Amino acid sequence: MGIIKTKNVVFDYIRRNEEGDVEGITTAVKDVSMDIQEGDFIAILGHNGSGKSTLAKHFNAILYPTEGTVWVNGKDTTDDSKLWDIRQEAGMVFQNPDNQIIGQVVEEDVGFGPENMGIPTREIWERVEESLKAVGMYEYRKHSPNKLSGGQKQRVSIAGVIAMHPKCIILDEPTAMLDPNGRKEVIRAVRALNDVERVTVILITHYMEEIIYANKVFVMDAGEIAMEGTPREIFSQVEKLKQLRLEVPKVTLLAYELKKSGLDLPDGILTTKELADALEQKG
Amino acid sequence: MALILDHVTYEYGTGTELKVKALDDINLVIPDGQFIGLIGHTGSGKSTLVQHLNGLIKPTSGNIYYNGKDIHDEDFSKKELRSKVGLVFQYPEHQLFEIDVFSDVCFGPKNLGLDKKEVELRAYQALKQVGLEDEYFYQSPFDLSGGQKRRVAIAGVLAMKPEVLILDEPTAGLDPKGRDEILGLVSKLRKETGMTIILVSHSMDDVAEYVDRILVMNKGRLMFDDEPKKVFSHVEELESMGLAAPQVTYIMMELKKRGYPVDTNVITISEAAKEIKRVWASK
Ligand SMILES: Nc1ncnc2c1ncn2[C@@H]1O[C@H](COP(=O)(O)OP(=O)(O)OP(=O)(O)O)[C@@H](O)[C@H]1O
Ligand SMILES: Nc1ncnc2c1ncn2[C@@H]1O[C@H](COP(=O)(O)OP(=O)(O)OP(=O)(O)O)[C@@H](O)[C@H]1O
Ligand SMILES: [Mg+2]
Ligand SMILES: [Mg+2]
């Protein structure tokens, strides 16, 4: 069994009126089974409302399946006695950093997680420094998180999770508010955690370019897993992705357009280098 | 008829240890009907700048004129300004507050004093324009997915039919199809109604595709103000400010480096495809 495993997971949001009667049910996740191995770099794509965040919240026991089971490092997430272990092993960076930031000062905020875990003070400070440096926010350690720009806040919340040294880090659209450089830095930091520390990464994003280094991609559609494969396998299916409201990286799209107009290029080109190499072959 | 910023400077936390000069001597003329892209690193002052345009923030020094009148004059109606200059906030959560989606979108037009029928018609149209399905109309806006919230926030401002529409990172969190839909929609509104559009974005590709003028902010200062091709010809300066050129520009630069006589001043996929075909057709 991998670090995160789900079996036939279904999740219903149940809306009730003031009297407590059921007003409506949204089945946000439908029969999802996946087995994520330690050290994997997983990407999850899917249209708005396809269930990505709902599924991700099962990975650190924020939500529990209506049907089916989720295990984190072998522990059933519904086992209350394991809650803190689970939250420590699987750290989550939310879509909106405002929901995550609690401290009055940046360094306090980042130290909050390790402190809660009972880490000795000296080590907390080391971790705070190391994680703030990893996201390029060390200079801002004395600032108030509420007064940072959107992208700065997002990097602080990532540092907060890194400081807990989780086995698995789940990032829900971590780069949505970042500038091109910030986006590169975060992806680089995440890849380094994965490569060097063997931290399992689960990345949810709407930016196709960010996932070309993933070893596996899941595409969700209306709560279900619609596609599963390597980035190259997934991005070779331009039309299918379009139907699912997605796209391919710009380089892949350009190669696809060129191919359609008669240049004989291979499918699933993912990087500038690959495209230039393929064009070079033509002369 | 225009928005004019004359020597606008803004400082947060004046008189405290942590004061930040978020805007530094900004001079700008925004004529009617332009589609403007506002880019800059995180924390460069974009959100601060756009909040000046509808009077939410008052400059520390300098003046802002709308249609020739100083917006901070005593006899200038802020309420009217906010109905003419509509701002969609960077975080939709900062904008949503009503008990259901439909009431939320009605809020703006209702405040304009329109009759109920007109208010509801506008709300309905706006929600259709942003592509939110009917099933969500009577749900709480807080029970929506990230991208769905974003759509509701955009609809709320569209329903006011402003003369100037400012969108602060409106496509962050939208799925790729949704990005195209929203940008296509504002582009169409601009053409049909002559609305001025100001788009704050971290996507160089989107900006290259849609706008006719780009403003580049760097550490509170306006660094470039020019047409997209000219701005994106400053690749190195942009990178040193945390920004980048569109992805296709890098592809052309790589081909040039490999000795192919391609024009590197290309910023969209269709231009790139055309240029590559031109060069490779002769082979
Ligand atoms: N708190 C909630 N209460 C009721 N329904 C909800 C709630 N949160 C999400 N939903 C619904 O569940 C479905 C899945 O939402 P989810 O947030 O998981 O989507 P997502 O794939 O993360 O979308 P996005 O890309 O927009 O973030 C959507 O139809 C959404 O409206
Ligand atoms: N309420 C506030 N109090 C104090 N400083 C602030 C406040 N809001 C923003 N700042 C600071 O002002 C500067 C400009 O922030 P602003 O939010 O305008 O940037 P931005 O360009 O919109 O960034 P982003 O792309 O991350 O949204 C930043 O250095 C930020 O830390
Ligand atoms: Mg989500
Ligand atoms: Mg901003």
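Keep in mind that what you see is a predicted model, and the values were worked out from it rather than measured. Chain A is the first sequence line, chain B the second, and so forth, proteins listed ahead of strands; every chain is numbered from 1.
- Counting only distance, with no hydrogens or angles, the side chain of A:N48 and the backbone of B:D175 share a donor-acceptor pair below 3.5 Å.
- Ranked by heavy-atom pairs shorter than 4.5 Å toward chain B, the options A:S261, A:G24, A:S50, A:G182 are led by A:S261.
- Counting heavy-atom neighbours within 6.0 Å of A:E139 CD, excluding the residue itself, gives a total of 12 or less.
- Here the CG atom belonging to A:L178 is positioned 9.0 Å from the CD atom belonging to B:E169, to the nearest 0.5 angstrom.
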Task: Audit row: A:N181, B:T42, side chain to side chain contact (heavy atoms under 4.5 Å, CB included) steps and yes/no - done: CA-CA 9 Å; A:N181 204 29; B:T42 66; over 6 Å; no
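- Considering every non-hydrogen atom in both B:S145 and A:G49, the closest pair reads OG-N, 3.3 Å.
- Chain B forms more heavy-atom pairs under 4.5 Å with one residue of A:E257, A:R183, A:K142, A:H47 than with any other, namely A:H47.
- Here the CG atom belonging to B:D205 is positioned 9.5 Å from the OH atom belonging to A:Y207, to the nearest 0.5 angstrom.
- Between B:Y91 atom OH and A:K153 atom NZ the span is 5.5 Å, to the nearest 0.5 Å.
- Within a 6.0 Å sphere centred on CG of A:D264, other residues, nucleotides and ligands contribute 12 heavy atoms or fewer.
- Between A:E247 and B:R179 there is a salt bridge, since at least one side-chain N of the basic residue sits less than 4.0 Å from a carboxylate O of the acidic one.
- In summary, B:E254 and A:K273 do not engage in a salt bridge, as defined by a charged side-chain N under 4.0 Å from a carboxylate O.
- In this structure, A:D277 pairs ionically with B:R258, as a charged nitrogen and a carboxylate oxygen lie closer than 4.0 Å.
- When the shell of 6.0 Å around NZ of B:K277 is examined, it contains more than 12 heavy atoms from other residues, nucleotides or ligands.
- With a 4.5 angstrom heavy-atom cutoff, B:M241 does not touch chain A via any of its atoms.
- Counting only distance, with no hydrogens or angles, the side chain of B:W280 and the backbone of A:L279 share a donor-acceptor pair below 3.5 Å.
- Heavy atoms closer than 4.5 Å to chain A are found in the side chain of B:L255, but not in its backbone.
- In this structure, A:I25 places its CD1 atom where more than 12 heavy-atom neighbours from other residues, nucleotides or ligands lie under 6.0 Å away.
- For chain A, the nearby part of B:Q139 is the side chain; its heavy atoms alone come within less than 4.5 Å.
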TODO: Walk me through it: do B:Y12 and A:K147 pass the test side chain to side chain contact (heavy atoms under 4.5 Å, CB included)?
DONE: CA-CA 9 Å; B:Y12 285 105; A:K147 296 184 177 171; over 6 Å; no
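- A:K250 NZ to B:M204 CE: the interatomic distance, rounded to the nearest 0.5 Å, is 12.5 Å.
- Crowding of A:Y140 atom OH: a count of heavy atoms from other residues, nucleotides or ligands under 6.0 Å not exceeding 12.
- Interface remark: of the candidates B:A172, B:S270, B:G242, B:G242 forms the most heavy-atom pairs closer than 4.5 Å to chain A.
- The shortest distance between side-chain heavy atoms of A:L263 and B:I276 falls below 4.5 Å.
- When each of A:M208, A:K52, A:K242, A:E209 is checked for heavy-atom pairs under 4.5 Å with chain B, A:E209 comes out on top.
- For B:K274, the NZ atom sits in a loose shell: 12 or fewer heavy atoms of surrounding residues, nucleotides or ligands are nearer than 6.0 Å.
- The closest donor-acceptor contact from the side chain of A:D179 to the backbone of B:H202 lies at 3.5 Å or more, if one exists at all.
- Here the closest non-hydrogen pair linking B:A244 and A:P180 is CB-CB, 3.9 Å.
- Both the backbone and the side chain of B:L174 have a heavy atom closer than 4.5 Å to some heavy atom of chain A.
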Task: CA sep, side-chain torsions, deciding dist, call: A:R245, B:E181, salt bridge (Lys or Arg N to Asp or Glu O under 4.0 Å) - done: CA-CA 10 Å; A:R245 300 185 59 86; B:E181 286 167 358; 3.0 Å; yes
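- The two atoms that bring A:L258 and B:A273 nearest to each other are CD2-O, 3.7 Å, heavy atoms only.
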Task: side chain to side chain contact (heavy atoms under 4.5 Å, CB included) between B:I251 and A:L275, intermediate numbers included - done: CA-CA 8 Å; B:I251 298 172; A:L275 176 59; 3.7 Å; yes
